[in-house]
Amino acid sequence: MYLKHGSPVKMMESYIAVLTKGVCQSEENGSFLSKDFDARKAYLAGSIKDIVSQFGMETVILHTALMLKKRIVVYHPKIEAVQEFTRTLPALVWHRQDWTILHSYVHLDADELESLQMCPGYVAGFVDLEVSNRSDLYDVFVNLADSEITIAPLAKEAMTMGKLHKEIGQLIVQSAEDPEKSDSQVIQDISLKTKEIFTNLAPFSEVSDDGEKRVLNYEALKQRRFPPATENFLYHLAAAEQMLKI
């Protein structure tokens, strides 16, 4: 198009047409329609079943970290392995539809790390094992090469596991190990369980003083007398969802 018109204006017109109408007409290439390229297909490109096959019940640590918007660092010497694994993780919290948390290839470079640390929660991939010594960068460290997941000391209180997490872990494993189920069906099962968790949290929320959003009524949550780990998780989930009173 640039060779034909000699101006970037025509290129920008096509770009804006896609952005605003989802359509771009071209004499040489026909029509481009955004709706023909469903973003959810890209979201499903990785395999949740492969992750569960590798980590089993420990997959619930990844689910919990993502639910609480924690910082996850993934290491493997091969960038392909890092990228395939990291791009799949946001599917564990499908309800958010948020792949902006991905930073699939980060170097131990001051500028890159400064940019990364400005993000509240993320999934970051590294090929340099030295990152394992940078506990300031992660709440959960995944060593893909050794199939190990480590929770950083400062994150252990928020990431305390209990009966609820065991239930979630068992559901994830049972669903993923079912040969009849596709990856999208496994994601759907996890998503339904996630909705159930938010339904459990709903009775303990109330409209904020300014009337703009719902906030957690911590006293009501405490009076329900959930097991300590469940109460702790729901409190930190409310914090992640910005439901705490300021």
Side-chain angles (χ1 to χ4, degrees), residues 39 42-43 45-46 48 51 54-55 58-161 165 168 190 194 197-198 201 213 215-216 218 229 232-246:
Y43 294 162
I48 288 284
I51 290 177
Q54 183 170 2
F55 289 103
E58 285 200 315
T59 308
V60 77
I61 298 174
L62 301 172
H63 177 264
T64 303
L66 289 158
M67 286 283 283
L68 301 183
K69 298 183 180 177
K70 296 297 183 184
R71 301 166 305 157
I72 301 174
V73 162
V74 178
Y75 160 77
H76 194 284
K78 293 182 178 177
I79 184 59
E80 296 86 357
V82 171
Q83 291 182 325
E84 185 175 348
F85 185 86
T86 54
R87 73 167 295 157
T88 309
L89 288 183
L92 286 168
V93 281
W94 185 256
H95 66 288
R96 291 203 183 114
Q97 297 278 294
D98 185 9
W99 265 252
T100 64
I101 62 172
L102 279 187
H103 304 263
S104 289
Y105 188 20
V106 186
H107 301 84
L108 289 171
D109 167 84
D111 289 340
E112 286 191 40
L113 296 182
E114 184 182 352
S115 175
L116 183 67
Q117 288 177 298
M118 289 172 70
C119 306
Y122 52 74
V123 176
F126 292 80
V127 294
D128 185 347
L129 186 55
E130 179 60 30
V131 71
S132 63
N133 298 320
R134 292 293 304 271
S135 57
D136 59 312
L137 295 176
Y138 61 82
D139 299 305
V140 172
F141 178 72
V142 182
N143 186 328
L144 262 187
D146 294 340
S147 300
E148 291 178 352
I149 299 177
T150 307
I151 301 173
L154 290 175
K156 284 189 174 175
E157 188 265 330
M159 296 280 295
T160 303
M161 300 286 154
H165 298 89
I168 297 167
I190 298 168
T194 301
I197 293 166
F198 279 107
L201 189 59
K213 63 176 185 177
V215 294
L216 179 70
Y218 186 50
N232 181 61
F233 173 67
L234 291 175
Y235 175 80
H236 283 97
L237 179 60
E241 296 293 325
Q242 298 181 319
M243 289 174 63
L244 297 187
K245 291 178 183 176
I246 300 171

Close side-chain approach of [X] and [Y], heavy atoms under 4.5 Å:
X    : Y    : result
V142 : F55  : yes
T194 : L92  : no
E241 : L201 : no
R71  : L116 : no
H63  : L66  : no
M159 : D139 : no
V73  : V106 : no
F198 : M67  : yes

Heavy-atom pair of closest approach, residues [X] and [Y]:
X    : Y    : result
L237 : R96  : CD1-NH2, 4.4 Å
V82  : G125 : CG1-CA, 3.4 Å
I48  : A91  : CD1-CB, 4.1 Å

Centroid-centroid under 6.0 Å between H76 and F85 rings: no
Determine yes or no for a side-chain-to-main-chain donor-acceptor pair under 3.5 angstrom, with [X] supplying the side chain and [Y] the backbone.
X    : Y    : result
K69  : A240 : yes
R134 : L108 : no
E112 : H107 : yes
S147 : N143 : no
D98  : P90  : no
Y138 : S132 : yes
Q97  : W94  : yes

Interatomic spacing from CD1 in I149 to CZ in F141 - rounded to 0.5 Å: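 Reported to 0.5 Å precision, the distance equals 11.0 Å.
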From M243 atom CE to L234 atom CG, the distance as rounded to the nearest 0.5 Å: 10.0 Å
Aromatic plane relationship, H103 with Y122 - under 30° parallel, 30 to 60° tilted, over 60° perpendicular: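 Perpendicular: the ring planes of Y122 and H103 meet at over 60°.
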Contacts of S104 that satisfy side-chain contact (heavy atoms from CB on, under 4.5 Å) - sequence neighbours left out: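 Partners of S104 by the side-chain contact (heavy atoms from CB on, under 4.5 Å) criterion, ordered by chain and then number, come out as Q83, T86, L102.
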